[in-house]
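Below is one structure, written out as structure tokens; the observations come after it.
So that the names make sense, note that chain A is the first sequence line, chain B the second, and so on, each numbered from 1.
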There are 2 protein chains.
Amino acid sequence: MSPTPEATPARLRAIPSRLLARTATVAERLVGERLAAEGAHKWHFAVLVALDEAGPASQADLSRRTGIYRSDMVAVLNQLSGTGCIRRDPDPADRRRNVITLTPAGQRRLDRLDALITDAQRELLAPLTSEQGRQLVSLLGILTEHHQPKHPGAADEE
Amino acid sequence: MSPTPEATPARLRAIPSRLLARTATVAERLVGERLAAEGAHKWHFAVLVALDEAGPASQADLSRRTGIYRSDMVAVLNQLSGTGCIRRDPDPADRRRNVITLTPAGQRRLDRLDALITDAQRELLAPLTSEQGRQLVSLLGILTEHHQPKHPGAADEE
DNA sequence: AGATAAACGTTCGTCGCACTAACGAGGGTA
DNA sequence: TACCCTCGTTAGTGCGACGAACGTTTATCT
């Protein structure tokens, strides 16, 4: 008869890790679609923001600031440099490093991507009040700050 | 000098989709590690819960209830059946279907996995008060409910 | 000084999850 | 009958997170 609407079990619906996984998937799709429509990528935005906020940096710096792996950073910078958004010069003070610098074109690109991402966040948080949205960001901020990748040698009580 | 602790830019730290992605990654690692230590998997638990809560079901039912794709469901059920946690019998009423039934061994397995997962959630939400934990679950619940995979033919306003 | 360890940029590869495509077998309905 | 949908199954794609290793350069230790 009523074929049971096949609802997700309550016990599953209440599991934080599960909710996080599903919500994160939705969020990545919302952001990814918008950025892909302009040939852009999550990671491009992160790098541009890091450069805009803290000035020129080495690739390793950018990697640590954005959380993008060094290995993946290479391709990102290749693309950003290919479109003239950044310059990549060898560091005269340390010849292992490259100095990555934001160009005016990169600044404009950043503004554009920022608009897209902001719009995606709006759609993501649409069912929440702005107060709830702030709460969510605050709670997630606490979690990410607490569960940071631990450096070897860092104090690790417990 | 102070080489700048290489903090993540504030503009990045406030982006919901980014926070979700990072937190979800941490959460999946916490859960995954514990389950892997017992040769188990996220999906095993979800299936067992669905069977325990709503009784025997077809594979397609389980797929819809748990959000696991039919394609991935096959392997999961193979493993669960291999360890005697479920039985998989052809449905006499509809010979396309298999009827999946939870066995007593599956019930015990469920209890064990439930303990592991509960423990992982505790560690995940450790930095939050229990009230904050409930808030987080509630907010994520709203989001996942709102952004459901849309069925073809379903009303899709805006 | 020389030896050793570390950090940098880079290439390549792995693992897991979400997801699609296609197919044969069966079932519902005109 | 013909048509279309569902079911279980196999295979494969795309992407994000992550690790290994290498040559080069710099920092550290004795």
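In this structure, the CG atom of B/L62 is 15 Å from the C1' atom of D/dT6, given to the nearest Å. Here D/dG8 presents its P atom at 9 Å from CE of B/M73, a figure rounded to the nearest Å. Taking atom CD1 of residue A/I68 and atom C1' of nucleotide C/dG9, one finds them 15 Å apart after rounding to whole Å. Between the P atom of D/dT6 and the CG atom of B/D61 lies a distance of 13 Å, rounded to the nearest Å. Atom CG in B/N98 sits about 18 Å away from atom P in D/dT6, given to the nearest Å. Taking atom CD on A/E33 and atom P on D/dC15, their separation rounds to 13 Å, with Å as the unit. Separating the CZ atom of B/R97 from the P atom of D/dT6 is a distance of 11 Å, rounded to the nearest angstrom.
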Completion exercise
Each nucleotide of nucleotides 12-20 of chain C classed B (base within 4.0 Å of a protein heavy atom), S (only sugar-phosphate) or -, in 5' to 3' order, makes B----SSBB
Fill in the blank from the handout: A correct 5'-to-3' footprint of nucleotides 22-30 of chain C, with B, S and - meaning base, sugar-phosphate only and no protein heavy atom under 4.0 Å, is ----BS---
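With hydrogens and angles disregarded, a donor-acceptor distance shorter than 3.5 Å links the side chain of A/H147 to the backbone of B/E123. The backbone N or O of A/N98 lies less than 3.5 Å from no partner atom in the side chain of A/S58, so there is not a single donor-acceptor pair. At distances below 3.5 Å, not a single donor-acceptor pair connects side-chain atoms of B/S138 with backbone N or O atoms of B/R134. Between the B/Q121 side chain and the A/S17 main chain, a donor and an acceptor come within less than 3.5 Å of each other.
Using a 4.0 Å cut-off between a side-chain N of Lys or Arg and a carboxylate O of Asp or Glu, B/R11 and A/E53 do not qualify as a salt bridge. Using a 4.0 Å cut-off between a side-chain N of Lys or Arg and a carboxylate O of Asp or Glu, A/R13 and B/E145 do not qualify as a salt bridge. Under the 4.0 Å criterion applied to side-chain N and carboxylate O atoms, B/R108 and B/D111 are not assigned as salt-bridge partners.
The residue from A/R109, A/R112, A/Q107 that alone fulfils the side chain to side chain contact (heavy atoms under 4.5 Å, CB included) condition with A/L48 is A/R109.
Closest contact between the side chain of A/R88 and the listed nucleotides D/dC7, C/dC8, C/dT10 involves C/dT10. Closest contact between the side chain of B/R64 and the listed nucleotides D/dT10, C/dG9, D/dC7 involves D/dC7.
In this structure, B/L80 and B/I100 have side chains that are not in contact, with every pair of non-hydrogen atoms separated by 4.5 Å or more.
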